[in-house]
Amino acid sequence: TFMTGFTVYVLGAVVMLIHWTWTDPLAIIVSAVGCIVFVEGLMIMTVPGPLFAFSRRLIAIQKPISMIAAICGLLLIALGLTGHADPAAL
């Protein structure tokens, strides 16, 4: 548990160090995700119980959450590769 939390914490810190840009919507999303991952890693290392209890409740709706995550990921990849942060520009 601690090693997983530490890995997530380091990944969040790397994103925050490399990409601390709050200028356009796409950059804000990337920076915010880095901050969220950083805090999640810190929580896994320090107080994993509440986070895991919350995760267990999400198992019942795992498929819709995975579909939403996949769609958001594909959208962010498309926006990043095209250089357009405006979804209407696609």
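FYI, side chains are in, hydrogens and waters are out, and symmetry mates aren't considered; it's all heavy atoms of this structure.
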Take I65 and Q62, measure what side-chain contact (heavy atoms from CB on, under 4.5 Å) needs, and give me the verdict at the end.
CA-CA 5 Å; I65 290 173; Q62 181 178 0; 5.8 Å; no
Would you say V15 and V33 make side-chain contact, with heavy atoms under 4.5 Å?
no
Report yes or no: do I36 and L42 belong to one cluster of Ile/Leu/Val/Met/Phe/Trp/Tyr joined by side chain heavy-atom distances under 4.5 Å?
no
Would a single hydrophobic cluster contain both L26 and V37, if residues Ile, Leu, Val, Met, Phe, Trp and Tyr are joined by side-chain heavy-atom contacts under 4.5 Å?
yes
Between F38 and F6, is there a shared hydrophobic cluster once you connect ILVMFWY residues whose side-chain heavy atoms come closer than 4.5 Å?
yes
Only pairs at least two apart or in different chains count here, so list each side chain to side chain donor-acceptor pair (under 3.5 Å) that has a residue in residues 37-56.
none
If you compare all heavy atoms of P50 against all heavy atoms of V47, which two are closest, and at what distance to 0.1 Å?
CD-O, 3.4 Å
Cluster check V10, I18: I/L/V/M/F/W/Y, side chain < 4.5 angstrom:
yes
To the nearest 0.5 angstrom, please state how far the CG atom of L81 sits from the CG atom of L76.
10.5 Å
Could you give the distance from CG (L79) to CG (L74), rounded to the nearest 0.5 Å?
11.0 Å
Could you measure the distance from the CE atom of M45 to the OG1 atom of T4? Nearest 0.5 Å is fine.
11.0 Å
Where at least one partner belongs to residues 6-22, residue pairs that pass side chain to side chain donor-acceptor pair (under 3.5 Å), sequence neighbours excluded:
H19-S31
Would you say V8 and V39 are hydrophobically clustered, going by side-chain heavy atoms of ILVMFWY under 4.5 Å?
no
C35 side, atom SG; I28 side, atom CD1 - distance, nearest 0.5 Å
11.5 Å
